Amino acid sequence: MKFEKIAAPKGVREYLPPESQAFEWVRQQLISPAKRAGYQLMELPVFEDTSLFNRGVGESTDVVTKEMYTFEDRGGRSITLRPEGTAGVMRAVIEGNLDRGQLPVKVWYSGQFFRAERPQAGRYRQFYQVGIEAIGIDDPALDAEVIAIADQGFKNLGLKNYRLEITSLGDAQSRAAHRVDLMKFVSKLDLDEATRTRSEINPLRIFDDKRPEIKEAMQSAPILMDYLSDYSRDHFEKVKSYLDALGVSYTVNKRMVRGLDYYTGTTFEFVHDDLGAQSGIGGGGRYDGLMEVLGGQALSGIGFGLGVDRALLAAIAENTLPVQDFNSDLFIIPLSLDEKAYVLNLAQEVRRAGFAVEVAFGDRSLKGAMKGADKSGARFVAVIGESERESGDVELKRMSDGTSIRVKISELQKVLEA
RNA sequence: GUGGGCGUAGCUCAGCUGGUAGAGCACUCGGUUGUGGUCCGAGAUGUCGCGGGUUCGAGCCCCGUCGUUCACCCCA
């Protein structure tokens with residue numbers, strides 16, 4: 001009887017050995033600056049009440065209208081697999097009353113996110129992000145620090161071919177004024193129906209169109225930055241000066257568009273040059289109305305999400321991944337069935353002393369077992385037979401040069417440490 | 001959701017104008033007693049993505065389908 005194979009669901013990105021090692025390294029590098037800046041872990045559910053995203057991310061966004069994995073659970077509740085991280089963090093902060101303590105609340109998260117899009121290079125239906133949120137303080141210095149933390153994550157990976165683009169989306173008032181003028185401008189353009197519809201939902205979208213004729217037409221469109229209130233403009237100027245002071249280089253992109261509705265004020269994006277169409281490796285910004293919309297206090301917040309999958313692709317493209325295979329310190333081979341229990345025991349003992357120890361399994365020939373030891377990359381190999389078992393000695397063979405020495409088990413630690 | 005490329009061994013790929021499947025790497029075993037890397041020898045592995053059609057005959061041609069990949073859209 002032969003069973004059919006079951007394949008992974010379409011578009012999921014999974015990491016198997018040896019690649020998983022690089023993935024884990026990348027994730028660690030990306031988030032370590034946040035940990036050192038006092039951000040604390042938040043472990044959240046991967047599914048939430050659907051209305052959290054409808055309200056938080058925005059009904060007009062593509063993410064909500066056509067990319068969410070939404071289903072009904074057995075209790076008839078509408079559930080959605082999280083498409084992004086910020087809304088869930090805010091929900092948990094409100095629910096856990098973290099905003100009733102000292103501000104800003106500083107948290108980080110790491111995990112998988114879900115969007116039902118057509119898969120493509122760097123775009124998956126289940127993908128990985130790490131991110132941080134700093135909630136409750138509206139200080140341009142905090143904006144700058146958040147951006148610098150993200151930047152440091154990419155620097156940790158050794159990346160060079162990326163750039164940081166920043167802009168200010170202003171406050172609600174500046175946006176409303178701009179929207180009126182932009183709508184007027186766009187309505188005069190000759191657009192196909194799909195683009196027209198999109199522009200009516202969010203006219204800023206048209207700035208993001210890649211077609212040359214549209215780009216050309218948008219050259220003279222009214223720019224949001226020209227509509228910023230005094231407060232917003234001043235805030236943005238300060239963010240820039242702090243970034244300058246931090247030595248974080250950036251370019252101001254007055255036409256930047258973000259796909260999530262909650263962004264206000266400082267908004268930023270990290271773009272990598274070697275990645276093809278899906279070039280955004282991270283992004284974030286301030287979201288001053290979000291907490292209130294979700295039923296909490298009217299507190300401001302700022303955060304970012306970094307794409308672990310894409311950061312890994314970028315590190316591969318720039319060839320910055322360190323070679324770091326797992327190499328055990330000791331590989332133990334039992335010569336016969338009689339030594340198995342003894343060897344298992346010995347391995348546990350040496351592990352307790354803090355060393356990485358592997359055991360040969362499967363009753364292969366000694367030659368085969370040695371081959372396995374060689375491929376494992378172990379520094380030392382010990383073959384245990386009757387004489388070793390009786391004497392309590394171990395003959396350690398150093399694989400790099402083939403020499404071997406006989407030691408007492410009690411002296412093992414000293415040799416392995418050398 | 002729309003469009004293009006590609007599906008042959010675990011991996012990378014050959015396979016002529018249609019004549020019923022191959023290489024390299026990897027893997028396992030062996031090259032006399034309890035010691036790896038190199039070398040030599042042997043071995044295992046495929047419903048040629050799947051379904052249909054054309055044909056005496058299809059891995060090769062045609063249609064469909066699924067998967068994958070790239071781009072649009074969108075974004076991490």
Side-chain angles (χ1 to χ4, degrees), chain A residues 2 4-13 16 26-27 30 57 61-68 82-86 110-131 150 154 192 194-195 197-198 201-202 205 208-211 214 256-260 269-272 275-284 304-314 331-336 339 360 362 364-388 395-404:
Chain A
K2 194 167 179 188
E4 228 172 288
K5 286 182 186 167
I6 298 170
K10 188 185 180 78
V12 302
R13 185 68 174 94
L16 314 182
V26 167
R27 175 154 62 179
L30 285 177
V57 178
T61 61
D62 276 33
V63 168
V64 168
T65 56
K66 48 186 218 196
E67 294 171 2
M68 293 206 304
R82 59 182 182 187
E84 60 94 54
T86 303
S110 167
Q112 43 274 85
F113 296 86
F114 309 85
R115 289 183 201 172
E117 303 176 271
R118 191 87 167 255
Q120 190 182 330
R123 188 174 76 184
Y124 311 106
R125 290 185 168 184
Q126 172 176 289
F127 56 98
Y128 294 82
Q129 279 190 8
V130 296
F154 293 126
D192 60 278
T195 313
T197 311
R198 229 169 351 121
I201 295 167
N202 183 354
R205 285 263 164 276
D208 220 15
D209 204 298
K210 282 174 189 166
R211 287 170 294 187
I214 305 282
M256 188 195 298
V257 183
R258 303 282 307 161
L260 312 176
E269 210 168 75
F270 290 86
V271 182
H272 198 275
L275 250 40
Q278 308 302 320
S279 55
I281 52 176
F304 62 67
L306 310 182
V308 184
D309 314 272
R310 289 185 188 174
L312 173 58
L313 289 173
F331 194 102
I332 312 179
I333 302 171
L335 255 189
S336 76
E339 282 80 38
R364 319 165 72 186
S365 66
L366 182 58
K367 178 173 176 159
M370 281 303 293
K371 252 185 174 171
D374 186 42
K375 294 216 167 90
S376 81
R379 285 161 56 222
F380 288 94
V381 171
V383 176
I384 303 293
E386 203 183 336
S387 70
E388 283 83 0
E395 183 159 301
L396 277 181
K397 176 165 183 171
R398 186 160 56 200
M399 296 300 271
S400 56
D401 57 13
T403 58
S404 56

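It should be emphasised that the depicted structure is a prediction, and the values quoted were computed from it without experimental measurement. Order of the sequence lines fixes the chain letters, A, B, ..., with proteins taken first and strands second; residue numbering starts at 1 for each chain.
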| message | Dot-bracket for RNA chain B, please. Rules: Watson-Crick or G-U, both distances under 3.5 Å, ( ) within the strand, [ ] when a pair crosses earlier ones, | for another strand, . otherwise. | response | (((((((..((((.....[..)))).(((((.......))))).....(((((..]....))))))))))))....
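Nucleotides B:G7 and B:U12 have their P atoms positioned 12 Å apart, rounded to a whole Å. A gap of 9 Å separates the P atoms of B:C39 and B:C25, to the nearest Å. As rounded to the nearest Å, B:U20 and B:U47 have C1' atoms that lie 13 Å from one another. With C1' as the reference atom, B:C61 and B:U17 are 12 Å apart, rounded to whole Å. Separation of the C1' atoms belonging to B:G59 and B:A14 is 12 Å when rounded to the nearest angstrom. Only the P atoms considered, B:U33 is 41 Å distant from B:C13, to the nearest whole Å. Going from the P atom of B:A21 to that of B:G49 covers 15 Å, rounded to whole Å. Between B:G10 and B:G51, the distance separating the two C1' atoms is 27 Å to the nearest Å.
Atom pair A:Lys371:NZ and B:G36:P shows a separation of 10 Å (rounding to whole Å applied). Atom OH in A:Tyr128 sits about 14 Å away from atom C1' in B:A76, given to the nearest Å. Rounded to a whole Å, the CG atom of A:Leu312 is 13 Å from the C1' atom of B:A76. Taking atom CD1 on A:Ile332 and atom C1' on B:U35, their separation rounds to 15 Å, with Å as the unit. One atom, NZ of A:Lys66, and another, C1' of B:C74, lie 7 Å apart when rounded to the nearest Å. Atom CD in A:Gln278 sits about 7 Å away from atom P in B:A71, given to the nearest Å. For A:Leu275 and B:C70, the CG to P distance is 11 Å, given to the nearest whole Å. Here the P atom of nucleotide B:U38 and the CE atom of A:Met399 are 12 Å apart, to the nearest Å.
In the interface, the side chain of A:Glu117 is paired with the base of B:A76 through a donor and an acceptor atom under 3.5 Å apart. In this model, a side-chain donor or acceptor of A:Gln120 finds a partner on the base of B:C73 within 3.5 Å. Below the 3.5 angstrom threshold, one finds no donor paired with an acceptor across the side chain of A:Arg123 and the base of B:C70. For A:Lys375 against B:G36, no side-chain N or O and base N or O form a donor-acceptor pair under 3.5 Å.
Heavy atoms of A:Gly131 sit nowhere under 4.0 angstrom from any nucleic acid atom. As judged by a 4.0 angstrom heavy-atom cut-off over every strand, A:Glu388 is placed among the base-contacting residues. Note on A:Ala373: nothing from the nucleic acid sits closer than 4.0 angstrom, heavy atoms only. Across all strands shown, A:Leu306 has no heavy atoms under 4.0 Å from either base or sugar-phosphate atoms. A:Gly402 comes within 4.0 angstrom of a nucleotide base, judged by non-hydrogen atoms across all strands. Counting non-hydrogen atoms under 4.0 angstrom, A:Glu84 reaches nothing in the nucleic acid.
Distance check: A:Leu396 CG to A:Ile332 CD1 gives 9.0 Å after rounding to the nearest 0.5 Å. In this structure, the separation between CZ on A:Phe127 and CG on A:Asp309 is 8.0 Å, given to the nearest 0.5 Å. Separating the OG1 atom in A:Thr61 from the CD atom in A:Glu84 is a distance of 9.0 Å, to the nearest 0.5 Å. Taking CD1 of A:Ile333 as the start and CZ of A:Arg364 as the end, the distance is 9.0 Å to the nearest 0.5 Å.
Each of A:Gly122 and A:Ala277 lies near RNA chain B, and the nucleotide nearest A:Ala277 is the one positioned closer to the 5' end. When each of A:Met370 and A:Tyr124 is assigned the nucleotide of RNA chain B with its nearest heavy atom, A:Met370 is the one assigned upstream, toward the 5' end.
Within the structure, a side-chain polar atom (N or O) of A:Arg364 is placed less than 4.0 Å from OP1 or OP2 of B:U28. Under 4.0 angstrom from either OP1 or OP2 of B:G30 there lies at least one side-chain N or O belonging to A:Ser365. Residue A:Lys10 has a polar side-chain atom (N or O) positioned under 4.0 Å from OP1 or OP2 of B:U68.
A distance-only check finds a donor-acceptor pair linking the side chain of A:Arg82 to the backbone of A:Gln112 [under 3.5 Å]. Although no hydrogens or angles enter the test, the distance criterion places no donor-acceptor pair under 3.5 Å between the side chain of A:Arg398 and the main chain of A:Thr403.
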| said: Between A:Arg115 and A:Val63, is the side-chain contact (heavy atoms from CB on, under 4.5 Å) condition met? List the steps. | reply: CA-CA 7 Å; A:Arg115 289 183 201 172; A:Val63 168; 4.1 Å; yes
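Under the salt bridge (Lys or Arg N to Asp or Glu O under 4.0 Å) test applied with A:Glu117, the options A:Lys66, A:Arg123, A:Lys10, A:Arg125 reduce to a single match, A:Arg123.
At least one side-chain heavy atom of A:Met399 sits under 4.5 Å from a side-chain heavy atom of A:Asp374. A heavy-atom distance below 4.5 Å is found between the side chains of A:Leu275 and A:Arg310. Counting heavy atoms from C-beta outward, A:Val383 and A:Glu395 have side chains that stay 4.5 Å or more apart.
Residue A:Arg118 places its side chain closer to B:U2 than to any other of B:C74, B:A76, B:U2. Nearest to the side chain of A:Arg115, among B:U35, B:C74, B:A76, sits B:A76.
Residues A:Gly402 and A:Lys397 come closest through the heavy atom pair O-CE, 3.7 Å.
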Between the protein and nucleotides 39-43 of chain B, are there any N/O to N/O pairs under 3.5 Å, and if so, what are the atom names and distances?
none

